Amino acid sequence: KEMEAGRELDALVAERIMGWKRIPDARQPRGFATAGFHWKLPRGQLILQLDAFSTDIAAAWQVVEQMNKTQPFFSLYYDDREEIERAYWFCDWSSEYRSGIGAKANTAPLAICLAALKAVGA
């Protein structure tokens, strides 16, 4: 079963795709995937707010830009043909043409995140 859009998926994308590190913060409550942490970005900045990679297209496009560094072949399309049961977004990443490492979802940001995680083996 595919992961659903939300903060847990955003945290996984931050770590596995964007290279962010979780830094514990004793002042914040525990018990939720993103609570109790600051995030350290690759250039050393600390931030409090996790980007909404799986629900916000602007944040998801940061994933596209990061993935493009190692996976130069990217496609994203919307399929709403009459013969399919339900319309969906499909995203595919590869380092070679037509790798088949892709994912479909009901939104573009979610498809981007799921495909990126598959492409890096997460």
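It should be emphasised that the depicted structure is a prediction, and the values quoted were computed from it without experimental measurement.
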[atom1]/[X] to [atom2]/[Y] distance, rounded to the nearest 0.5 angstrom?
X: Ile17; Y: Gln66; atom1: CD1; atom2: CD; result: 8.0 Å
X: Met18; Y: Asp10; atom1: CE; atom2: CG; result: 11.5 Å
X: Asn106; Y: Arg86; atom1: CG; atom2: CZ; result: 6.5 Å
X: Lys104; Y: Tyr77; atom1: NZ; atom2: OH; result: 8.5 Å
X: Leu46; Y: Lys21; atom1: CG; atom2: NZ; result: 13.5 Å

Check your understanding: Taking the inter-plane angle between the rings of Trp89 and Tyr78 on a 0 to 90° scale, is it parallel (under 30°), tilted (30 to 60°) or perpendicular (over 60°)?
Key -> tilted
Which pair of heavy atoms, one from [X] and one from [Y], lies closest together, and at what distance?
X: Leu76; Y: Ala108; result: CD2-CB, 4.2 Å
X: Ala11; Y: Arg22; result: CB-NH2, 3.2 Å
X: Met3; Y: Glu8; result: CE-C, 4.3 Å
X: Ala105; Y: Ala111; result: CB-N, 3.6 Å
X: Val63; Y: Trp93; result: O-CH2, 4.4 Å
X: Ala60; Y: Phe53; result: CB-O, 3.4 Å

Check your understanding: Can you find a heavy atom in the side chain of Ile47 that is under 4.5 Å from one in the side chain of Leu41?
Key -> yes
Point to revise | Test item: Trp61 and Pro109 side chains (from C-beta on) under 4.5 Å apart, heavy atoms | key: no
Point to revise | More than 12 heavy atoms of other groups within 6.0 Å of Glu82 CD | key: no
Given 3.5 Å as the limit, does a donor-acceptor pair link the side chain of [X] with the main chain of [Y], or not?
X: Arg7; Y: Leu50; value: yes
X: Ser54; Y: Gly6; value: yes
X: Asp92; Y: Ser75; value: no

Review point. Checking side-chain contact (heavy atoms from CB on, under 4.5 Å) for the pair Leu9/Thr55: CA distance, chi angles, key distance, verdict?
Key: CA-CA 10 Å; Leu9 180 58; Thr55 56; over 6 Å; no
Review point. Any salt bridge (Lys or Arg N to Asp or Glu O under 4.0 Å) pairs touching residues 59-79, not counting sequence neighbours?
Key: Asp79-Arg81
Review point. Which is it for Ile57 and Thr107 under the side-chain contact (heavy atoms from CB on, under 4.5 Å) test, yes or no, and what are the steps along the way?
Key: CA-CA 9 Å; Ile57 193 63; Thr107 67; over 6 Å; no
Point to revise | Full working for side-chain contact (heavy atoms from CB on, under 4.5 Å) between Val120 and Gln71 | key: CA-CA 9 Å; Val120 300; Gln71 308 283 329; 5.6 Å; no
